[in-house]
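What follows is a single structure, written as structure tokens, with notes after it.
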Amino acid sequence: MTSTGRFTLPSEENFAEKTKELAELWGADAIRNSDGTHLDESVLALGKKIYSAYFPTRAHNEWITLHMDETPQVYLLSKRALAESDTVDVSLMDGFFEEQLKPNRDADPHKYWEVVDRTTNEVVDASLWTLDEDTDTVHVSGAELMHEYTVSFLAYIIWDPVEMYNHLTNGWGDKEHEIPFDIYHPATRKFVFDTFEQWLKDNPQVDVVRFTTFFYQFTLLFDQKQREKVVDWFGCACTVSPAALDDFEKEYGYRLRPEDFVDGGAYNSAWRVPRKAQRDWIDFLSGFVRANVKKLADMSHEAGKEAMMFLGDQWIGTEPYKDGFEDLGLDAVVGSIGDGTTTRMIADIPGVKYTEGRFLPYFFPDTFYEGNDPSIEGLDNWRKARRAILRSPISRMGYGGYLSLAAKFPKFVDTVTHIADEFRDIHDRTGGVAAEGELNVAILNSWGKMRSWMAFTVAHALPNKQTYSYYGILESLSGMRVNVRFISFDDVLEHGVADDIDVIINGGPVDTAFTGGDVWKNPKLTETLRAWVRGGGAFVGVGEPSSLARFQAGRFFQLADVLGVDEERYQTLSVDKYFPTVTPEHFITADVHVDPAAREAWEKAGYRIPLSGCGGGQGIKPLGGIDFGEPIANTFPVNEDVTLLRADGGQVQLAVNEYGKGRGVYVSGLPYSAANARLLERILFWASHNEDKYTAYSSTNPECEVAVFPDAGQYCVINNTDRPQSTDVALPDGSVEHFDLDQSAIAWRNL
């Protein structure tokens, strides 16, 4: 029987009867409109809570077409042009989508733009270049032969990137492009607040203003073929204006360069080790954004409505994990659920009354088309989110898009009915309280708390070849029986390591925000972490942890002594590296399945004879059994006391090291899978000397996980697959309970 509540249903025009039917079937207590749609009067009369999407800075072309110099702006980096004489021409818009972007010729280019000799990295004097406005070409004189030149130039954003994406995806044809506007300009800011004040009066039926979102879009730029060119879900590139740059200079005492935004073409990706200018701009921007968000929230409350923020689209500057977010007065945050990590990104946000997840698939024609089965994605999305919800509950769920599309797929309709009922059942049983965590785990990187559950991401929940070996850490942790926090290198340098932290994880590629870059040149950092581990702490390194791009003091990993592993950077090839024999059986690898034939071949093959540059102990045959993702080449044990658990192909993939009273563990990579989540869980319990806590409420099948709710007096076992699974669960008294679970099933038992 369908339960009710905690569910937000999208609807649209001329779909009232089916909306009512699906609202009852899915137990919806709230109805929302989606981008480009409105709710019929008969839908408003259903007695449900009404959400209305509100776009503060678009959908008013009647205003912005009269003020086209007040659209948001972005610094763009031109393609490189090679000088084959003492002059060179640089085309500005080559490679950019001209329906989205237009060079700003209104503000003095010689003040706000920059031409750079990329061969020497020197700025070209403004007297040596001119702009041809008719062709959007910069002519550079006095160029050095065979040097490359670029122009960093301001451009107006003349088509809202999200509306543009929706427009192109749904084939809206000749629908008018919605032009965004920038509230940094006083006239536009007044228009935004005046318009919202009138909207509140005109929409008394709305209970929740769903701000989608506020003022500044994350970096989302397209090329001339309408493909994504630059996408950074955390990017602040699209937040610039001459007025803001001038005010920043007055407040901070120095002027930002265009290079501080284009960053050589990296556009200040969250993977870059953050620099002072980048951090200062984020602080400056968030101060402005938050002050104006608070005004919108206050206006909503004065009109008797809740203020809800969508964590997406124009969310830049709100910084939900930066101190002070709770002062904005927002009632709720809603965000797109892509997996367990993005679920936690929403659920863990402090300072709001409740959080809501918008589940996938989105009701768009790219998924809901004849011959496709959207229920497959729907259940997959639910399974990924559910394991995280058990650890950090979101209060509500819902979907987005066009309900008329979803209604054409009966199997999907039934799937959502099941998901919604199960979501409510979890809340009813647990009271919305998180499952018990056994360990306290800290992720250490440059961003710390400000980017909680946001590490290792480029675009929201989308796979990436260079990131999946690290993103799997967060995805594994999102549903694991541990408590997770995010700390920065600055936190450790200023305050040391908190007493209640059991394990610290540092991971990622060299010279990124996630491994730290030059912060490791500060001896206080290595001193602090060494002392903590030596006193009984646990440090887990993934990929190239604690690494410095430049060879320093004979080490690439600055905590190689803690991890027991370093990486050969072709500086010490003359120094032989001897590998101890691999230990195939260990607490950490107890659940790793190795094909018996592969194990037998590995045992029979023996070990390599010690050669210069590669030591004895390496197996001739791979032992395998673990997916480490993208390989990290040339890792080696720093001594023969290290315990190697995997060393296939001439380098170390998994090793453990005793370090005083503490322990270090090295893993070359950890893509998400049930097996790897189990591997990481065992790593954390072993590294922190908590092996004795591991057995109680553990599952013999890694595809099934257990969550314990002491206050509710219950525990549950979940099947995270689309196939039936069986597992045994060990109880604290030593007894074992067997479970046979259908696909995607959840089973509850009393403690």
Side-chain angles (χ1 to χ4, degrees), residues 57-58 70-79 92-104 107 109 112-114 116 150-165 179-184 213-223 227-248 255-289 312-319 447 450-451 454 457-460 462 512-513:
T57 54
R58 67 172 167 103
E70 299 194 1
T71 70
Q73 296 174 57
V74 57
Y75 268 117
L76 301 178
L77 181 65
S78 73
K79 287 185 176 180
L92 299 181
M93 291 299 293
D94 185 13
F96 293 106
F97 186 31
E98 293 188 357
E99 290 186 56
Q100 183 195 14
L101 302 160
K102 177 184 176 182
N104 176 354
Y112 294 102
W113 297 15
E114 203 168 61
V116 177
T150 63
V151 180
S152 305
F153 63 100
L154 274 175
Y156 292 118
I157 302 171
I158 58 173
W159 192 358
D160 181 87
V162 172
E163 199 269 343
M164 179 180 71
Y165 172 82
I179 306 168
F181 33 93
D182 183 0
I183 72 160
Y184 204 85
T213 308
F214 291 109
F215 314 123
Y216 296 108
Q217 176 68 40
F218 62 82
T219 306
L220 183 58
L221 309 176
F222 289 75
D223 67 11
R227 302 172 303 188
E228 288 183 353
K229 181 181 178 73
V230 183
V231 54
D232 179 3
W233 207 69
F234 312 98
C236 296
C238 301
T239 63
V240 194
S241 66
L245 291 168
D246 293 344
D247 287 347
F248 177 92
R255 187 164 190 82
L256 292 172
R257 292 176 53 199
E259 185 67 16
D260 291 322
F261 293 92
V262 301
D263 190 23
Y267 290 94
N268 286 330
S269 158
W271 285 72
R272 296 273 284 144
V273 178
R275 299 165 309 289
K276 174 177 168 54
Q278 183 181 1
R279 289 185 182 273
D280 285 351
W281 182 258
I282 290 173
D283 287 345
F284 173 80
L285 178 71
S286 65
F288 172 76
V289 167
D313 298 359
Q314 288 87 0
W315 76 281
I316 296 301
T318 59
E319 297 297 349
W447 295 109
M450 195 174 84
R451 290 286 176 263
M454 299 176 181
T457 294
V458 176
H460 190 277
L462 294 181
T512 62

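Atom set for the values below is all heavy atoms of this structure, side chains included, hydrogens, waters and symmetry mates excluded.
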F234 side chain near R451 side chain, heavy-atom distance below 4.5 Å: yes
Over all atoms of both residues, closest heavy-atom pair of T457 and A459: CG2-O, 3.6 Å
Point-to-point distance, once rounded to the nearest 0.5 Å, from CD1 of I183 to OG1 of T57: 8.0 Å
Heavy-atom check, side chain of C238 versus side chain of I316, under 4.5 Å: no
4.5 Å side-chain heavy-atom contact, E99 and W159: yes
V151 side chain reached by L92 side chain, heavy atoms, under 4.5 Å: yes
Residues in salt bridge (Lys or Arg N to Asp or Glu O under 4.0 Å) contact with D313, at least two apart in sequence or another chain: none
Student check: side-chain heavy atoms of Q73 and P242 closer than 4.5 Å: yes
Inter-residue atom distance T71.OG1 - I157.CD1, 0.5 Å rounding: 7.0 Å
Approximate separation, where rounding is to 0.5 Å, of I158 CD1 and M164 CE: 10.5 Å
For N268, side-chain hydrogen bond (donor to acceptor under 3.5 Å, both in side chains) partners two or more places apart: R275
Qualifying side-chain hydrogen bond (donor to acceptor under 3.5 Å, both in side chains) pairs with a residue from residues 231-246, counting only residues at least two apart or across chains: Y112-D246, T239-W281, D246-R255
Which residues share a side-chain hydrogen bond (donor to acceptor under 3.5 Å, both in side chains) with Q278, sequence neighbours left out: none
Residue pairs involving residues 153-162 (criterion salt bridge (Lys or Arg N to Asp or Glu O under 4.0 Å); sequence neighbours excluded): R58-D160
Residue pair P274 / W447, side-chain heavy-atom distance below 4.5 Å: yes
Aromatic plane relationship, Y184 with F284 - under 30° parallel, 30 to 60° tilted, over 60° perpendicular: tilted
Contact check, side chains of L220 and Q217, non-hydrogen atoms, under 4.5 Å: yes
Minimal non-hydrogen separation, I282 against C236, with atom names: CG1-SG, 4.0 Å
Sequence-distant partners of D280, side-chain contact (heavy atoms from CB on, under 4.5 Å), two or more places apart: F248, Y252, Y254, K276
Candidate list V230, N104, L221, test side chain to side chain contact (heavy atoms under 4.5 Å, CB included), partner L76, passing option: L221
Minimum side-chain heavy-atom gap L285-Y216 below 4.5 Å: yes
Rounded distance (nearest 0.5 Å) linking atom CG of L154 with atom CD of E114: 11.0 Å
Derivation and outcome, side chain to side chain contact (heavy atoms under 4.5 Å, CB included), residues R227 and F222: CA-CA 5 Å; R227 302 172 303 188; F222 289 75; 5.6 Å; no
Non-neighbouring partners of E98 that pass side-chain contact (heavy atoms from CB on, under 4.5 Å), sequence neighbours left out: M93
Residues that T512 engages under side-chain hydrogen bond (donor to acceptor under 3.5 Å, both in side chains), provided they are two or more places apart: T515
Heavy-atom donor-acceptor pair, T213 side chain to G312 backbone, under 3.5 Å: yes
Nearest heavy-atom neighbours spanning D263 and Y267: CB-N, 3.7 Å
Aromatic F97 / basic K229 pairing, under 6.0 angstrom, 45° off normal: no
Those residues that, when tested against W113, pass ring-ring contact (aromatic ring centres under 6.0 Å, His included) (two or more places apart): F153
For Y75, ring-ring contact (aromatic ring centres under 6.0 Å, His included) partners two or more places apart: F261
Partner residues of V458 under the side-chain contact (heavy atoms from CB on, under 4.5 Å) criterion, sequence neighbours left out: W271, N464, T467
Separation between CG of L256 and CG of L245, rounded to the nearest 0.5 Å: 6.5 Å
From Q314 atom CD to F218 atom CZ, the distance as rounded to the nearest 0.5 Å: 8.5 Å
Donor-acceptor pair, side chain of S269 and main chain of A266, under 3.5 angstrom: no
